[in-house]
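Within every chain, numbering begins at 1; the chains are lettered A, B, ... in the order of the sequence lines, protein sequences first and strands thereafter.
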Amino acid sequence: MPILEARAVSKAYGGFLALDNVNLTVEPGEIRALIGPNGAGKSTLIDVLSGRARGHAGQVFFQDAEITPLAPWARRLKGLARSFQKTSIFPALSVRAQLELAARKAEAGGDVGETLAEFGLEGVAERPAGAIGYGDQRRLDLALALTGRPSLLLLDEPAAGLSFEESMKLAKALREMANRRGVTVLLVEHDMEVVFAIADTITVLQLGKVLAEGPPAQVRADPRVVQAYLGSAA
Amino acid sequence: MLIQILNGLVYGTFLFAMASGLALMFGLRRIVNFAHGALYMLGAYFGYTAAKLAGFWGGLLVAALGLAVLGVALDILVFRPLRGRDPLTTLLVTFGLALISEDFIQTFWGNDTHSFAEPALLSGVVQLPGTTFPIYRLAIVAFGILVAGGLAFWLTRSKVGLYVRAASHDPVIAAVQGVDTDRLSALVVGVGAALAGMAGVVAAPILSISPAMAADILVDSFIVVVIGGLGSLGGAFAAALILGQINVLGVVFLPELTALLPFLLMMAVLIWRPTGLAGSRV
Amino acid sequence: MNAHAPVLAFEGVDAFYGAAHILHGVSFQVRAGESVAILGRNGVGKTTIVNTLLGIARHGAGAIRFHDRAIERPRPYQAARAGIGVALQGRKLFPNLSVRENLMLGAASNRAGAWTLDGVFDLFPVLRERAEAPGTALSGGQQQMLAIGRALMANPDLLVLDEPSEGLAPVIVDELAAVFGALNAKGTALLLIEQNLSLVERVSRRFAVLAKGRVVEEGSLDGIDRTSLQRHIAI
Amino acid sequence: PAYAQSGPVKIGVATSLTGPYADLGEEVKRAVTFAAKEAAAKGTLKGRTVQYEFADAETDPEVARRASEKLVLGGYKLLVGLISSAQGLAVGGQLEKWDALYLATINKSNKLTADACNTRMFRANHSDAMDMAVIGPWLKSRPEKDWVIMAADYAWGRDSAEEFTKAAKVAGKNLKASYFAPIGTKDYAPHIQQIKDQKAQGMWVAISGRDAINFGVQADQFGLLKTIFPVSQSFAVPLTIKGMGPIAEGIWGIINYSDGLDTPANKAFVAAWKKEFNRDPANFEAETYVGMQLLFAAVAKAGSDEPEKVAKALEGLSLDDTIFGKVTMRAQDHQLIMPNYMGKVGKVGAELKPVIEMAVDGSIATPAPDPSCKMK
Amino acid sequence: MNRGAFVKGVLMALAAMALGWVASKTVASALVMTLLAQSCFYALFALGVGLLIRQNGMVSFGHAAFFGLPGYLIGIGLKQTDIPIELLIPLVVLAVTTFAFLVGLVFVRVHGIAFGMLTLAIGQAVYEASTRLRGLTGGHDGLTIKFPRELFGLPLKTFQQPHGMFLIAWCVLVIVVTLVIWLAHSRLGRLTEAIRENEERAGFLGYRTLWPRAVIFAISAATTAAGGVLFALYNAYISPETVYWTSSGSALIMAVLGGSVAPWGPVLGSMVYFFLKEALGDVTTHWLGIIGISLIVVTVSFPQGLSGLAMRLLGLGARRRHADS
Ligand SMILES: Nc1ncnc2c1ncn2[C@@H]1O[C@H](COP(=O)(O)OP(=O)(O)OP(=O)(O)O)[C@@H](O)[C@H]1O
Ligand SMILES: Nc1ncnc2c1ncn2[C@@H]1O[C@H](COP(=O)(O)OP(=O)(O)OP(=O)(O)O)[C@@H](O)[C@H]1O
Ligand SMILES: [Mg+2]
Ligand SMILES: [Mg+2]
């Protein structure tokens with residue numbers, strides 16, 4: 001039984017169809033990568049799943065219950081968390097204060113000290129988040145989503161802006177979470193090293209439609225995917 | 001009733017002329033300028049004094065130039081150093097400036113109310129079907145439309161306009177593209193102040209001038225700008241025209257509520273569209 | 001243009017945000033027609049180099065020379081007019097301007113040259129398609145293209161790119177590599193800040209590694225393999 | 001009396017030194033200083049000097065209350081000078097607590113001498129009711145048949161409209177419509193248009209201050225003043241006449257005072273005033289001046305400046321030869337009985353001024369005390 | 001907030017109240033006392049405005065409505081009903097708070113200056129009502145409130161004499177300030193601060209964002225209303241000018257002058273403003289200009305307001321720890 005399911009989801013911006021009848025099923029505990037050319041609709045899909053985008057057609061199910069009409073906060077309370085492609089943090093609050101805030105609503109409590117250490121944010125814990133470096137902000141964004149180990153994580157390009165080493169650390173951490181705690185991850189990512197290193201299944205979107213889906217090796221070899229997306233990274 | 005619609009148009013264009021400078025400054029500097037009414041008042045008084053020597057047109061010119069200079073000074077001496085500070089700080093500082101100018105006016109021109117005759121060229125009435133209408137009021141419509149058209153042309157067709165819109169969103173990033181944002185904002189604040197000053201002179205033949213006139217128009221200007229969507233001139237124009245008609249309709253049909261109607265309209269618009277008529281883009 | 005004259009030189013530059021001392025005596029050079037990569041982990045001060053050049057971060061000791069002239073108190077618009085084009089990290093587009101207007105703004109420094117609106121549209125056709133859309137109604141990657149396109153519109157002598165491949169599909173990164181190569185060939189100097197080493201390898205010949213606000217390593221990319229480069233950065 | 005006091009008589013002048021009423025505040029200042037100087041010269045106070053202190057009451061009743069309280073606590077317990085009736089009322093309620101006295105010379109609201117009346121509050125100027133008392137007799141003499149009302153949309157404007165409606169009925173006039181505009185209305189065009197459409201012959205205007213000037217100027221631009229006969233309560237007073245300029249000429253209205261009043265006291269007053277200030281006295285200046293004369297007379301009569309005693313002395317106090325002739329402070333409601341006038345704006349020399357055409361004796365001009373006034 | 005801090009807060013509040021008691025016993029001048037008492041009313045007024053700025057990042061141009069409504073409601077309630085004053089006062093505060101909460105649910109969706117204009121609209125609506133419903137409110141002439149001879153077991157005189165009122169107002173002020181400080185450190189306080197910074201992300205962390213903001217709006221209205229109740233008790237008179245927008249404007253100035261670094265900033269701001277204006281009014285009619293200049297000087301030179309300055313002088317340096325790393 002899938003943990004997350006999108007049925008026939010469509011979303012238009014004005015006259016432009018960003019998602020066109022997309023079906024997606026994610027099994028518990030898996031790491032699913034969502035890739036595709038720029039503008040394919042990946043972030044839009046994440047937005048629909050997390051409740052940020054409104055006014056779409058189709059239905060979204062989470063742990064077998066329909067969540068289509070739910071607001072973001074209600075989805076989060078059910079255990080569905082997300083990060084943002086464009087960092088979304090609380091600039092005037094200290095790093096620690098906002099992680100505390102995140103921890104308070106998290107089902108598993110979430111130890112702030114641990115999170116700070118895990119994301120290498122101890123050094124900037126007391127600073128207002130607006131005055132820390134871009135990379136730190138990206139990690140904070142991620143930490144806000146991961147605090148308290150929600151059961152499903154929607155991550156929009158978590159490795160963007162991270163150094164190679166950091167990206168790999170992140171990949172490892174995600175893999176570990178999925179393996180040990182059964183956290184399900186749906187991630188959008190353009191860093192193929194990360195994707196191929198951790199994804200169980202890859203879904204490829206193009207022009208708002210699913211172009212291909214399958215295990216990494218299969219997708220990597222798909223000539224349509226190579227041509228539309230992977231290029232020399234194949 | 002047609003005449004009443006015309007009256008609404010006069011009032012609407014007048015509101016726009018009055019508020020355009022505010023919209024412009026907010027657009028570029030994100031400044032909530034509580035001194036806007038003061039600029040309008042200073043324009044009227046400068047014009048009043050100059051008109052005694054050089055007639056209405058001389059007064060208008062002096063008000064425009066005088067206020068432009070004042071606007072540039074305001075930008076350089078006040079707004080620029082406050083860049084990046086809490087918007088509440090500028091709000092308070094401009095409020096302080098408003099108090100100072102009121103005191104200034106009282107000290108040099110006294111507390112009396114003065115009237116200001118329209119230019120001979122525009123005095124008198126025209127014959128309309130069934131009634132007469134003051135020529136000067138038609139001139140106000142022309143002035144309002146001229147300001148709106150001029151600003152629209154300037155801001156959408158010229159490079160400066162593009163720069164203004166960019167700098168309004170993020171002056172630093174605009175500067176990184178090669179826009180001299182300091183000069184640009186001095187220009188815009190100068191133009192905004194000049195418009196406020198001219199509006200003061202243009203309004204004077206209808207609304208007498210006195211030290212209280214600044215406070216009188218401040219709230220109205222803000223209503224126009226907020227309904228229109230902050231910083232949007234197009235929105236402000238639409239809002240002003242709507243308010244003009246609402247005012248007339250209110251006087252004729254809902255006289256009990258005329259004073260509240262602009263506020264009610266504002267509430268309705270903001271609840272329907274929290275960013276105002278044209279606000280989605282800001 | 002003299003291929004060996006440095007277009008940009010940092011000479012022992014210190015930089016600050018408020019009282020926070022970020023860069024400590026940073027030195028490096030970029031010559032005409034050359035691409036230099038600045039590498040380093042997150043938060044070491046790479047972006048601060050750009051911000052210092054533009055006058056956004058406060059410039060302390062040391063000299064910054066552009067075309068052999070010292071920039072004393074850099075102001076953002078002067079940098080642009082002097083010929084520095086920048087694609088900033090985080091894109092920094094104007095949501096209230098259309099795609100086309102965002103690009104036209106890139107030409108605000110009034111420098112003539114090969115890059116025009118059509119040239120950028122040819123490079124990123126999707127931008128032409130969405131030319132009238134607001135700048136931020138684009139996907140993340142499309143926004144990145146717009147940011148790069150905008151920097152190109154300035155026809156700069158020095159193009160500064162702060163993590164240009166962030167959020168871009170691999171195929172687009174391939175295209176960028178080709179574009180940057182061509183720019184280099186035409187004499188434009190490139191300062192490339194990147195985490196994506198495959199792009200760095202394809203575009204740059206020299207690199208400098210930054211750690212805690214200091215240049216700790218400098219050298220040529222020729223004959224260095226990926227893993228040893230990664231090791232350099234990780235120090 | 002045995003314990004006759006010495007030292008100066010302390011007068012607290014809480015008035016509008018800033019804000020929209022500051023021009024009236026100026027008038028109060030002039031009148032008080034003039035009257036004090038005159039009293040000193042004439043020895044009205046039997047050797048005692050007058051000391052007065054100003055405090056800014058702005059436009060707000062609350063500020064007025066605060067300013068007055070400050071004066072009282074500083075020993076200035078005889079208060080004058082408040083501009084708006086609301087200010088007067090706000091202070092009125094506190095007088096007993098403060099052991100102070102307030103003499104109104106500008107507040108016109110009937111309330112001061114009706115339900116809000118009290119032992120410590122007096123009025124030396126014309127009340128609204130007194131103004132309206134002039135209208136009835138006058139309206140009968142007018143040929144205009146159809147009338148409209150244009151009034152400010154607040155208490156005074158509404159009351160005035162109501163009174164005029166009554167007077168019009170009694171006089172057999174036909175009232176076609178009443179229009180009200182909020183205070184601070186900028187554009188009167190929609191009102192003016194409606195008035196034009198009514199094609200009435202006469203117009204009762206109850207708008208004051210700056211609004212009056214704006215309405216007048218705009219009505220003239222629309223050509224309204226040429227086709228209708230405008231009459232006003234305080235639409236055409238010296239301040240507004242100055243603001244309106246030539247268009248004010250010919251506007252009729254109630255006149256509370258004119259420098260042309262034909263009494264010996266007035267002639268002397270006007271001459272002295274001109275010498276002092278190089279301008280003609282205006283209506284509130286004259287009324288405040290009379291008020292001050294009364295106050296000084298009461299202090300003299302009481303032989304004390306203790307508010308309670310002065311209040312007692314004021315009750316029923318008559319002055320025989322003021323600029324208005326004989327005036328009496330009515331004990332029942334503390335309203336000064338004085339004549340009132342009707343006239344129109346006309347040229348006196350080169351200047352536009354209200355010119356009296358009809359005088360109404362104090363006995364008629366001052367309606368009987370309001371039954372709701374219960375002194376305590 | 002932990003127990004130690006709680007105890008410390010209570011002790012400080014008690015000490016402050018004791019200080020007020022000593023002041024009321026030792027200062028003989030009624031003038032000083034009346035000014036102090038009145039400045040307490042405005043301090044509460046500004047505290048409400050400042051609270052809204054600090055927690056919600058929202059600037060109100062219409063709080064005068066919440067300051068004036070209690071007076072009107074009490075005055076009308078006493079005239080039209082038989083509700084005893086001891087019950088009427090809490091009822092009125094509750095009514096104002098509920099009204100603000102409901103209005104807040106709609107208004108807090110709107111941001112920035114537009115929110116300010118919405119509150120201005122409410123303020124003007126109350127103003128219009130106060131001038132038009134003459135039968136109830138006395139219109140422009142204002143409403144004299146007829147209090148009974150005795151309230152809460154104390155003679156009315158106690159409430160209307162400077163010394164008595166000062167002590168009462170001071171204690172109310174101290175209690176409210178304590179509560180406001182406590183609120184700032186409470187969960188709701190921290191949450192609303194986060195929502196102020198990034199409403200969307202707070203939602204994605206599982207928080208509802210609408211009602212906490214509306215609750216803050218209601219609390220801020222209640223704070224201001226407390227000032228309004230005292231104001232009404234002392235003056236026994238209320239007029240439309242009290243609910244006019246310029247009155248909201250003064251409170252906003254006081255709040256911003258005080259700064260929002262410390263929750264009690266607005267108290268300091270209002271006291272300084274009130275006394276400055278009083279003092280200037282005595283010496284010059286140019287107080288407008290002088291206030292204007294002072295306003296500019298203070299806001300420009302002390303970005304964190306007078307409370308920021310005070311904390312710096314006292315070496316409390318609240319935000320210092322951010323600056324030195
Ligand atoms: N607010 C918006 N208004 C209009 N169009 C939009 C908006 N947001 C996105 N789009 C369009 O919808 C399409 C899908 O965008 P989306 O952000 O989902 O792409 P994406 O797959 O995440 O791309 P990327 O990898 O570049 O982030 C794009 O063509 C984009 O231009
Ligand atoms: N506005 C600011 N105020 C204070 N400190 C800042 C500011 N911006 C960045 N910093 C600090 O300066 C240091 C360098 O930041 P910078 O953004 O230059 O790093 P970077 O190398 O570009 O990192 P990344 O790879 O994450 O983009 C970091 O420690 C950061 O916390
Ligand atoms: Mg995306
Ligand atoms: Mg960086």
Side-chain angles (χ1 to χ4, degrees), chain B residues 26 30-32 34-35 38 78 81-82 84-107 111 211 215 218-219 222-227 229-231 256-260 262-276 279 282, chain E residues 49-50 53 57 59 61-62 103 106-129 131-132 244-246 249-250 252-257 259-260 269 284-305:
Chain B
F26 186 87
R30 300 281 122 177
I31 277 169
V32 181
F34 270 50
V78 181
L82 289 180
R85 292 278 290 271
D86 186 342
L88 273 178
T89 305
T90 23
L91 187 153
L92 239 60
V93 168
T94 53
F95 189 79
L97 290 172
L99 295 183
I100 296 171
S101 25
E102 193 176 329
D103 202 335
F104 173 79
I105 295 283
Q106 283 175 357
T107 310
N111 276 310
L218 191 61
V219 172
F222 271 96
I223 291 179
V224 170
V225 170
V226 166
I227 292 182
L230 283 166
E256 294 286 318
L257 282 180
T258 29
L260 269 186
F263 290 100
L264 294 178
L265 178 75
M266 179 175 73
M267 277 211 247
V269 169
L270 290 180
I271 288 166
W272 165 57
R273 281 179 80 129
T275 45
V282 178
Chain E
V49 176
I53 296 177
V59 179
F61 296 155
V103 164
V106 180
F107 281 11
V108 298
R109 293 165 213 261
V110 179
H111 292 268
I113 186 92
F115 170 83
M117 294 303 288
L118 280 180
T119 52
L120 175 66
I122 284 290
Q124 288 309 92
V126 171
Y127 171 76
E128 285 293 322
T131 60
R132 275 167 193 285
Y244 197 58
W245 68 270
T246 44
S250 307
L252 180 61
I253 294 176
M254 296 174 186
V256 180
L257 266 186
S260 57
T284 169
T285 51
H286 290 289
W287 61 264
L288 261 186
I290 297 179
I291 290 260
I293 292 168
S294 332
L295 209 58
I296 293 175
V297 169
V298 173
T299 41
V300 170
S301 6
F302 312 120
Q304 303 191 308

> Quick one: are Val256(E) and Asp86(B) in side-chain contact, heavy atoms under 4.5 Å?
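Side-chain contact under 4.5 Å: no.
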> Measure distances from Leu91(B) to the heavy atoms of chain E and classify the residue's part below 4.5 Å as side chain, backbone, both or neither.
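Only the side chain of Leu91(B) comes within 4.5 Å of chain E.
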> If you round to the nearest 0.5 Å, how far is CG of Asp103(B) from CD1 of Ile291(E)?
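Reported to 0.5 Å precision, the distance equals 11.0 Å.
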> Need one label for Val93(B): side chain, backbone, both or neither, based on atoms under 4.5 Å from any heavy atom in chain E.
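For Val93(B), backbone and side chain are both near chain E.
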> Can you tell me which portion of Val59(E) sits under 4.5 Å from chain B's heavy atoms? Options are side chain, backbone, both or neither.
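Side chain only.
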> Among Ile227(B), Thr94(B), Leu88(B), Ile223(B), single out the residue with the greatest number of heavy-atom pairs under 4.5 Å to chain E.
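Top count of heavy-atom pairs under 4.5 Å with chain E: Leu88(B).
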> Between Val300(E) and Arg85(B), what is the shortest heavy-atom contact and its length?
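Heavy atoms only, the tightest pair is O-NH2, 3.1 Å.
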> Give, as side chain, backbone, both or neither, the part of Leu82(B) having an atom under 4.5 angstrom from any heavy atom of chain E.
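When you check distances to chain E, only side chain atoms of Leu82(B) fall under 4.5 Å.
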> Is chain B contacted by the side chain of Tyr127(E), its backbone, both, or neither, given a heavy-atom distance below 4.5 Å?
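Looking at Tyr127(E), nothing touches chain B.
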> Kindly compute the distance separating CG (Leu99(B)) from CD1 (Ile296(E)), expressed to the nearest 0.5 Å.
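Nearest 0.5 Å value for the CG-CD1 distance: 8.5 Å.
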> Need one label for Val219(B): side chain, backbone, both or neither, based on atoms under 4.5 Å from any heavy atom in chain E.
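Both backbone and side chain.
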> Heavy-atom cut-off 4.5 Å, strictly under: side chain, backbone, both or neither for Leu295(E) against chain B?
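Interface part for Leu295(E): side chain.
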> What part of Phe61(E) gets within 4.5 angstrom of chain B, counting heavy atoms only: side chain, backbone, both, or neither?
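The side chain, not the backbone.
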> What part of Phe34(B) gets within 4.5 angstrom of chain E, counting heavy atoms only: side chain, backbone, both, or neither?
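Just its side chain gets close to chain E.
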> For the candidates Gln124(E), Met117(E), Arg132(E), Arg109(E), which exhibits the highest count of non-hydrogen atom pairs separated by less than 4.5 Å from chain B?
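Result: the option with the highest number of such pairs is Met117(E).
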> Determine, step by step, whether Val225(B) and Ile113(E) satisfy the side-chain contact (heavy atoms from CB on, under 4.5 Å) criterion, reporting the C-alpha distance in whole Å, the side-chain angles of both residues, the deciding distance to 0.1 Å, and the verdict.
CA-CA 10 Å; Val225(B) 170; Ile113(E) 186 92; over 6 Å; no
> Please report the closest heavy-atom contact between Leu270(B) and Val110(E), naming both atoms and the distance.
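That would be O-CG2, 3.7 Å.
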> For Trp287(E), is it the side chain, the backbone, both or neither that has a heavy atom under 4.5 Å from a heavy atom of chain B?
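The backbone, not the side chain.
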> Which one of Leu264(B), Ile100(B), Ile271(B) has the most heavy-atom pairs closer than 4.5 Å to chain E?
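Result: the option with the highest number of such pairs is Ile100(B).
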> Minimum heavy-atom separation for Leu92(B) to Leu257(E), with atom names?
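It is CD2-N, 4.2 Å.
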> Which atoms form the tightest heavy-atom contact between Ala114(E) and Pro274(B), and what is the distance?
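What the structure gives for the nearest pair is CB-O, 4.2 Å.
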> Considering non-hydrogen atoms only, spot the tightest contact between Thr107(B) and His286(E) and give its length.
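Minimum heavy-atom separation between Thr107(B) and His286(E): OG1-CE1, 2.9 Å.
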